[in-house]
Structures are given as structure tokens and as C-alpha cells.
Asker: 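Attaching a single structure in C-alpha cells format; questions to follow.
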Amino acid sequence: PFSDTVELDITPPGSPYVSVREGAYTSSVFITLDLFASGADEVAIQEGSSDFSGATWEGYAPEKPFVLSILDGPKTVWVMYRDNAGFTTGPVSDTVVLDTDAPGKPSNWVKD
């Protein structure tokens, strides 16, 4: 006799969350995302749009490096999670402001 065990999964990943580790502002396009979704096996990450129709899925990890687009300003990073049964979460996001301009010298600056 032969037997096998099958696990029925009818629940999508739960409590999806994403946070930009650098906080509300960053001076670098290289950031780290803190990720969480219970039961997630894969993650799709993109900037700017919550339309994941052409999403690229990669293995889930609680943190992922991400590279922002180069123009300064607010950047919204969107994330979706998927489990091995193919269930996905709705998109979640976090926003960071990219400011790569170094502060200038005050107009009244005088060299000694």
C-alpha cells in the first residue's frame, strides 16, 4: 500500500506589511525594505504603480534591498505577497522622499 499527505491551502498570506527602513527621507537610491506577510512564499516589489499585471516574483525574505528611480521626490514602493498555492495579497505600500541634493552654503557664507 502507498499513502501520501496533501495539505489543502485555502487561505492567502495574511497581515501584509512593508516599511522603508530608512524612514520618511533618504539621500540614497539604495534602500532596504522590511517585509512581512504570514504564510508568504514569494514577493513582488515595484515602484510607482500598484498594477502588478507583469510582476516579477522572487522568494520571500523579511528584508530585501531595493533601488529607487534616480529623480528626487516622493517614491512609493508597492509590494504583493503570494503563497505556494497561488493566493496573493492585495498590494501594500510605503513612501519615502528621495533627496540627493547636498545642502548648499548659506548666501551669507564668507570664507575665512
Asker: Enter the distance from Thr76:OG1 to Gln46:CD here, rounded to the nearest 0.5 Å.
Answerer: 11.5 Å
Asker: Under the rule for side-chain hydrogen bond (donor to acceptor under 3.5 Å, both in side chains), what residues qualify as partners of Asp9, not counting sequence neighbours?
Answerer: none
Asker: Show which residues join Val6 in its hydrophobic cluster (side-chain heavy-atom contacts under 4.5 Å, direct or indirect), or state none.
Answerer: none
Asker: Locate the shortest heavy-atom distance separating Thr88 from Pro12; write the atom from each residue and the value.
Answerer: O-CB, 3.9 Å
Asker: Listed by chain and number, what are the side-chain hydrogen bond (donor to acceptor under 3.5 Å, both in side chains) partners of Glu58, not counting sequence neighbours?
Answerer: Lys64
Asker: Going by side chain to side chain donor-acceptor pair (under 3.5 Å), name the pairs with one or both residues in residues 23-35, residues two or more places apart or in two chains.
Answerer: Arg21-Asp34
Asker: Under the rule for side-chain contact (heavy atoms from CB on, under 4.5 Å), what residues qualify as partners of Glu47, not counting sequence neighbours?
Answerer: Phe66, Leu68, Ser69, Lys75
Asker: Side chains of Phe87 and Pro13, heavy atoms from C-beta outward: is any pair under 4.5 Å?
Answerer: yes
Asker: Which Ile, Leu, Val, Met, Phe, Trp or Tyr residues join Phe52 in one cluster when any pair of side-chain heavy atoms under 4.5 Å counts as a link?
Answerer: Trp57, Trp78, Met80
Asker: Which atoms form the tightest heavy-atom contact between Leu35 and Tyr60, and what is the distance?
Answerer: O-OH, 3.4 Å
Asker: Return the set of residues passing side-chain hydrogen bond (donor to acceptor under 3.5 Å, both in side chains) with Thr56 (not counting sequence neighbours), or none when no residue passes.
Answerer: none
Asker: List the atom of Ile70, the atom of Leu98, and the distance in Å for their closest heavy-atom pair.
Answerer: O-CD2, 3.8 Å
Asker: What closest approach, in Å, do Phe36 and Gly14 show between heavy atoms, and which atom pair accounts for it?
Answerer: CE2-O, 4.2 Å
Asker: According to a 4.5 Å side-chain heavy-atom criterion applied to Ile, Leu, Val, Met, Phe, Trp and Tyr, with indirect links allowed, do Val96 and Leu71 form part of one hydrophobic cluster?
Answerer: no
Asker: Going by side-chain contact (heavy atoms from CB on, under 4.5 Å), name the residues that satisfy it together with Ser53, two or more places apart in sequence or in a different chain.
Answerer: Asp51
Asker: What residue pairs, at least two apart or across chains, pass salt bridge (charged side-chain N to carboxylate O under 4.0 Å, His left out) with a residue in residues 77-95?
Answerer: Glu42-Arg82
Asker: State plainly whether one hydrophobic cluster holds both Tyr17 and Val43, where clusters connect Ile, Leu, Val, Met, Phe, Trp and Tyr through side-chain heavy atoms under 4.5 angstrom apart.
Answerer: yes
